[in-house]
2 protein chains.
Amino acid sequence: MGTTDPASPTRSSGTSRGAALGSDLDTVLDGVLAARRAERTVMSTSADRAARVVREQVVEGHLRSGTRLPEERLAGALGVSRNTLREALSQLVAERILVREPHRGVVVATPEVEDVEDVYRVRRLVETAALARGSHHTPERVAAVAAAVTEGRGAAARGDWDGVASANQHFHRAVVSLAGSPRLDAQMDLLLAEMRLFFHQMGAPERFHRPYLDENGAIADLLAAGERDRSADRLDTYLATAQDQLVAAFRQRA
Amino acid sequence: MGTTDPASPTRSSGTSRGAALGSDLDTVLDGVLAARRAERTVMSTSADRAARVVREQVVEGHLRSGTRLPEERLAGALGVSRNTLREALSQLVAERILVREPHRGVVVATPEVEDVEDVYRVRRLVETAALARGSHHTPERVAAVAAAVTEGRGAAARGDWDGVASANQHFHRAVVSLAGSPRLDAQMDLLLAEMRLFFHQMGAPERFHRPYLDENGAIADLLAAGERDRSADRLDTYLATAQDQLVAAFRQRA
DNA sequence: ACGATAAGGATTGTTCAACAATTCTTCAAT
DNA sequence: ATTGAAGAATTGTTGAACAATCCTTATCGT
């Protein structure tokens with residue numbers, strides 16, 4: 001970006017090697033360094049990779065709530081050492097995907113009714129605020145919300161209930177991203193991962209999401225029309241009923 | 001130390017009814033087990049303790065932004081092994097207090113202007129929502145907000161600027177807790193820890209908080225009077241100006 | 001049979017020592 | 001002064017170990 005960058009490093013020596021362009025060589029080099037660092041952070045350490053695999057297996061439902069994760073066997077399966085695995089597990093415990101019971105090991109979290117209620121408490125606050133008061137609505141972000149709706153409709157049309165569920169997640173993530181905050185986005189990703197635990201816990205009929213498709217559409221329309229408060233209100237009541245439904249299904253199964 | 005349970009008083013708190021049935025007993029025992037598990041999670045593992053120590057040193061300002069944390073020496077200082085320390089560091093990296101640069105080590109995070117802006121983005125959304133739309137306002141929680149104000153006034157009266165800063169944190173944490181959500185509270189604690197990094201980064205004149213004491217008071221009064229929307233509005237503009245001030249101080253020092 | 005209990009096995013929490021890979025430093029050579 | 005290569009330092013990761021704790025099971029007394 002075009003910032004003035006007044007305190008440029010003192011390295012800018014008068015000797016201009018080759019046909020260096022007018023722009024500061026230092027800034028270019030800084031960019032290269034940043035890029036390399038970014039690349040390295042992408043292909044991250046082996047603990048991170050292990051964490052990603054386990055997380056995926058959990059949210060995908062292949063590791064069900066309450067199953068224990070014995071360190072030795074799991075480490076062997078993942079091809080890492082037990083110490084490295086423990087680093088990965090710590091991370092997932094911090095994300096609330098796993099729970100550590102001291103001296104008893106790590107198990108896949110089994111959400112309680114209070115967890116459902118709390119997650120929805122946060123979602124109602126954050127998502128409605130992002131709709132009504134988000135200060136970073138841009139055409140692209142609004143379009144992303146609408147895109148998630150059409151994605152869901154397409155999936156429903158071809159009976160792909162898994163696709164409907166996933167589109168629903170995209171919708172709500174797009175709503176939160178209206179706030180334009182990386183931190184909020186990250187937090188929302190955590191909440192959505194927990195939501196998937198809820199669904200698996202309740203013997204997920206993935207058709208759960210079907211009724212809300214039209215609601216999503218209505219909200220997206222209101223948003224596009226600039227009716228921010230009304231879209232927020234609508235989302236609020238919608239989330240409330242969804243919560244009731246989930247809680248009911250939860251109680252029934254407990 | 002035999003297997004004698006240290007205490008099992010939960011059993012008979014007024015249950016004079018001799019007809020204690022098996023199912024009742026089961027629930028009681030479940031409660032006892034849950035309590036023990038909770039206790040154990042409190043006196044946590046040594047990696048957690050190490051994490052707590054490092055976190056404290058960072059937010060307290062004894063470890064300044066950008067300082068590296070060599071694993072071997074730090075492990076020695078904390079009296080834990082390098083592997084255990086790495087578990088602790090992973091946790092703190094997840095909390096954004098530290099940053100890991102692959103193959104280069106872990107350093108105390110050095111916030112940029114964008115971080116300040118993002119943190120305030122989240123705070124403005126969440127805190128105002130908690131004030132205006134929080135569905136769990138209770139007399140105790142409202143009282144906690146007022147208590148933070150008087151705490152701050154007391155600290156200011158005796159010139160304890162550190163105390164003013166800390167009371168200010170209590171105020172904002174109390175505001176968020178109006179939402180009644182453990183998850184939101186935890187997230188807010190993370191944000192407040194980051195805030196302290198900001199202050200240390202800018203050569204913290206802790207008198208930064210002094211002007212906002214009266215604002216806090218006004219907001220608490222509006223809240224107590226049931227004027228939720230107005231209190232939220234006031235907090236919003238207040239946070240906006242505070243953000244501007246912080247960003248300005250940041251730019252000056254960079 | 002029944003419940004308490006002690007022995008044995010399994011898993012976690014933690015440490016230690018090592019090694020490859022990578023980064024940082026030094027220092028000589030051009 | 002820049003380049004490049006040897007050497008030191010640090011990280012990423014492993015494997016083996018050991019105490020502490022939990023779980024299971026066989027034993028015993030009644």
Side-chain angles (χ1 to χ4, degrees), chain A residues 10-18 20 25-26 29 32-34 36-37 39-53 66-93 98-108, chain B residues 1-6 8 22 25 29 32-34 36-37 39-53 66-93 98-107:
Chain A
T10 51
R11 297 182 47 198
S12 54
S13 56
T15 65
S16 61
R17 202 149 224 251
L25 177 86
D26 283 338
L29 291 189
V32 171
L33 275 199
R36 275 192 60 184
R37 229 180 327 209
E39 269 176 32
R40 272 186 309 201
T41 22
V42 168
M43 76 139 188
S44 44
T45 124
S46 110
D48 283 338
R49 261 171 291 152
R52 216 176 309 155
V53 170
T67 67
R68 317 207 12 192
L69 306 181
E71 297 182 350
E72 195 140 18
R73 244 187 306 163
L74 189 53
L78 292 172
V80 303
S81 92
R82 201 155 77 85
N83 285 322
T84 300
L85 175 70
R86 281 177 64 88
E87 274 186 50
L89 294 184
S90 304
Q91 204 176 322
L92 298 179
V93 167
L98 306 181
V99 172
R100 158 159 285 137
E101 300 177 352
H103 287 280
R104 288 176 38 78
V106 174
V107 308
V108 179
Chain B
M1 330 253 218
T3 58
T4 53
D5 267 33
S8 56
L25 192 140
L29 290 190
V32 171
L33 275 200
R36 278 193 56 184
R37 227 177 331 205
E39 271 176 30
R40 273 185 308 201
T41 24
V42 167
M43 74 139 190
S44 46
T45 132
S46 113
D48 283 338
R49 260 171 291 152
R52 214 176 309 154
V53 171
T67 67
R68 309 173 77 117
L69 304 182
E71 297 183 350
E72 195 140 18
R73 244 187 307 163
L74 189 53
L78 292 172
V80 303
S81 91
R82 201 155 76 87
N83 285 324
T84 300
L85 176 72
R86 281 175 65 87
E87 276 186 49
L89 294 183
S90 304
Q91 203 175 323
L92 298 178
V93 168
L98 306 181
V99 172
R100 158 158 283 138
E101 300 176 352
H103 287 282
R104 288 175 40 78
V106 173
V107 307

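In what follows, every chain begins at residue 1, and chains take the letters A, B, ... in the order their sequences are listed.
Out of D:dC22, C:dT14, D:dT13, the shortest distance to the side chain of A:H103 is found at D:dC22. When distances run from any side-chain atom of A:V80 to the nucleotides D:dT13, D:dG12, D:dT14, the shortest one goes to D:dT14.
Atom CG in A:L74 sits 6.5 Å away from atom CG in A:L89 (nearest 0.5 Å).
Residue B:R82 contributes atom CZ, which lies 14 Å from atom C1' of D:dG15 at whole-angstrom precision. Counting to the nearest Å, the P atom of D:dA9 and the CZ atom of B:R73 are 12 Å from each other. Following rounding to the nearest Å, A:L85 (CG) and D:dT13 (P) show an atom-to-atom distance of 13 Å. Straight-line distance from the CZ atom of A:R86 to the C1' atom of D:dG12: 17 Å, rounded to whole Å. Spacing between atom CG of A:L74 and atom C1' of C:dT11 amounts to 14 Å, rounded to whole angstrom units. What separates CD of A:E101 from P of C:dA10 is a distance of 21 Å, to the nearest Å. For the pair A:E87 CD and C:dG13 P, the computed distance is 15 Å after rounding to whole Å. Between the CG atom of A:L98 and the P atom of C:dT12 there is a distance of 13 Å, rounded to whole Å.
Minimum interatomic distance between A:E71 and A:L85 (heavy atoms only, all atoms of both residues): O-CD2, 3.3 Å. Smallest separation of non-hydrogen atoms from B:S46 and B:V80: OG-CG1, 3.9 Å.
Considering only heavy atoms from C-beta on, A:L98 comes within 4.5 Å of A:V108 through its side chain.
Comparing A:E72 and A:N83, the nucleotide of DNA chain C nearest to each residue sits closer to the 5' end for A:E72.
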Problem - A:D48 vs A:Q91, side chain to side chain contact (heavy atoms under 4.5 Å, CB included): CA-CA, chis, key distance, verdict - result: CA-CA 9 Å; A:D48 283 338; A:Q91 204 176 322; 3.1 Å; yes

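Distances shorter than 4.0 Å separate none of the side-chain N or O atoms of B:T84 from OP1 or OP2 on C:dG13. When the side-chain nitrogen and oxygen atoms of B:T45 are compared with OP1 and OP2 of C:dT12, none of them lie within a distance under 4.0 Å. Between B:S81 and the phosphate of C:dT14, there is no side-chain N or O to OP1/OP2 separation shorter than 4.0 Å.
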